2 protein chains.
Amino acid sequence: MIRLLLADDQALVRGALSALLGLEPDLEVVAEVGSGDAVVAAALEHRPDVALLDVEMPGTDGITATAELRRAAPDVRVLIVTTFGRPGYLRRALQAGASGFVVKDTPAAQLADAVRRVHAGLRVVDPALATDSLVAGESPLTARETDVLRAARDGSSVAVIATRLFLSEGTVRNHLSAAIGKTGATNRAEAVITAEGNGWL
Amino acid sequence: MIRLLLADDQALVRGALSALLGLEPDLEVVAEVGSGDAVVAAALEHRPDVALLDVEMPGTDGITATAELRRAAPDVRVLIVTTFGRPGYLRRALQAGASGFVVKDTPAAQLADAVRRVHAGLRVVDPALATDSLVAGESPLTARETDVLRAARDGSSVAVIATRLFLSEGTVRNHLSAAIGKTGATNRAEAVITAEGNGWL
DNA sequence: ACTGCGCCATGACATCTGTCATGACCAACG
DNA sequence: CGTTGGTCATGACAGATGTCATGGCGCAGT
């Protein structure tokens with residue numbers, strides 16, 4: 001019996017995945033949580049063999065939850081199950097210690113297999129996504145550029161970003177300009193979009 | 001036996017929902033499709049009693065699929081199952097003829113009940129979302145303002161939007177200015193965000 | 001010790017944006 | 001028929017944005 005932990009913020013999806021995996025004779029869902037913060041505690045309590053984590057979650061996201069879980073319970077293997085196949089997500093997930101990475105539009109029949117492979121100690125990665133990740137490479141943005149671009153996501157003006165990050169307006173404009181250049185954008189909004197698409201934010 | 005049709009672009013979610021609903025003795029999934037375009041054809045072929053449609057789908061979205069389905073097969077009731085509880089989505093879905101509207105973070109146990117209620121001819125609507133919809137009201141944007149704002153979503157400059165919509169730059173700026181005013185934003189990016197959040201785009 | 005690089009800042013410049021006034025055309029409505 | 005409102009356009013203006021040159025500071029690596 002492979003014991004599973006499910007983490008997804010959407011209760012309906014969580015329950016549905018539970019039903020899907022529960023149909024397999026050798027799989028057993030022993031815990032379900034709705035946020036990344038609850039992952040470690042639930043894992044310590046229910047001792048799953050494999051944890052299926054979503055990336056987009058309120059509070060702690062799936063990737064940092066992966067890192068925390070690896071530290072707190074190294075014997076639990078992590079399979080990331082996410083909506084967005086962003087190159088940066090894959091890279092960061094593997095660096096955080098995930099054993100597998102599955103996108104939510106893979107056929108349902110393959111999920112159980114992915115779980116079994118991960119449990120057996122293998123790596124499971126969508127090959128198309130893996131090449132994307134190689135092409136896109138690591139984030140070219142420096143820490144500060146990332147901060148500033150992240151602060152610009154909600155459409156804030158330079159002045160607002162500056163006060164929020166305790167910077168001068170000129171500095172914010174410089175960082176933004178650098179980010180725009182590095183992302184190949186012509187524009188703050190474009191830069192945000194491509195950086196998000198690559199999982200750099 | 002209530003016959004069901006599932007439409008969701010994410011295969012994993014689709015399969016998982018199928019597994020979840022298949023556990024109920026009185027429910028039976030007779031068709032699954034991955035895009036809005038395929039909904040009507042599948043409905044005509046498999047004659048479901050209730051169709052569960054996602055809103056965000058490639059090609060035809062769930063709301064227009066609802067309208068098409070109501071016309072092609074009026075006896076099929078529609079239950080919208082979506083990630084985003086945007087007020088405008090609810091309003092437009094009901095106007096298109098949907099019988100129910102469920103957000104994906106409702107508990108999994110309630111989905112089967114929602115299906116049964118819809119099948120019985122009742123309306124199913126998240127009460128919190130319903131009040132939100134009343135508060136937010138209908139979109140204040142005119143058709144053209146919506147077009148321009150939609151074209152601005154990807155961070156395009158005024159010049160690009162103008163050529164794409166065959167307008168002069170001044171006109172684009174006027175429409176954008178009007179949209180910014182109506183959305184209470186100070187900014188093009190902010191206007192896009194609030195309009196999207198309300199389901200106006 | 002020197003160099004490179006990230007970070008912060010300033011100032012200047014060209015361009016882009018958002019706003020406003022104004023006017024024309026057309027459709028809908030009373 | 002006059003009014004209202006949406007659409008398109010122009011021109012002008014202030015303010016925001018993006019770029020660039022320049023300089024100081026601190027922290028690596030050679």
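Note that the structure is a prediction, hence the values are computed from the model and not measured. Residue numbers start from 1 in every chain, and the chains themselves are labelled A, B, ... in the order their sequence lines are given, proteins ahead of strands.
Screening residues 68-83 of chain A for side-chain hydrogen bond (donor to acceptor under 3.5 Å, both in side chains), with sequence neighbours left out, gives A/Glu56-A/Thr82. Listed by first and then second residue, the salt bridge (Lys or Arg N to Asp or Glu O under 4.0 Å) pairs that reach into residues 8-23 of chain A are A/Asp8-A/Lys104, A/Arg14-A/Glu32, sequence neighbours excluded.
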Would you tabulate the nitrogen or oxygen pairs shorter than 3.5 Å linking the protein to nucleotides 25-29 of chain D?
none

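We find that CD of A/Glu169 is positioned 16 Å from C1' of D/dT19, with the value rounded to whole Å. Rounded to whole Å, atom C1' of C/dC7 lies 12 Å from atom CG of A/Asp147. Between A/His175 atom NE2 and C/dG6 atom P there is a gap of 11 Å when expressed in whole angstrom units.
Within the model, atoms CG of A/Asp126 and CG of A/Asp132 stand 8.5 Å from one another, a figure rounded to the nearest 0.5 Å. Once rounded to the nearest 0.5 Å, the distance linking CG of B/Leu52 with CG of B/Leu5 reads 8.5 Å. A distance of 12.0 Å separates CZ of B/Phe101 from CZ of B/Arg91, quoted to the nearest 0.5 Å. Taken to the nearest 0.5 Å, the CG atom of B/Leu12 stands 6.5 Å off from the CG atom of A/Leu20. Between the CG atom in B/Leu176 and the CD atom in B/Glu169 there is a gap of 11.5 Å [rounded to 0.5 Å]. One finds the CD atom of B/Gln10 at 7.5 Å from the CG atom of B/Asp54 (value rounded to the nearest 0.5 Å).
Inter-axis angle, ends of the helix from C/dA1-D/dT30 to C/dG30-D/dC1, five pairs per end, rounded to 10 degrees: 40°.
Formation of a donor-acceptor pair under 3.5 Å by the A/Gln110 side chain with backbone atoms of A/Pro107 is not found in this model. The backbone N or O of A/Thr186 sits less than 3.5 Å from a side-chain atom of A/Glu190, completing a donor-acceptor pair. Under a 3.5 Å cut-off, the side chain of A/Arg123 and the backbone N or O of A/Ala98 do form a donor-acceptor pair. For A/Arg86 (side chain) and A/Glu196 (main-chain N/O), a donor-acceptor pair under 3.5 Å exists by modelled atom type.
Side chain to side chain, A/Asn174 and A/Ser177 fail the donor-acceptor criterion of an N or O pair below 3.5 Å.
Contact annotation: A/Thr171 side-chain N/O to C/dA9 OP1/OP2 distance is under 4.0 Å.
Within residues 138-145 of chain A, the residues that place at least one heavy atom under 4.0 Å from DNA chain C are, in residue-number order, A/Thr142, A/Ala143, A/Arg144.
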Quiz item: Which parts of nucleotides 17-30 of chain C does protein reach within less than 4.0 Å, heavy atoms only, written one letter per nucleotide 5' to 3' as B for base, S for sugar-phosphate only and - for none?
Solution: BBBB----------
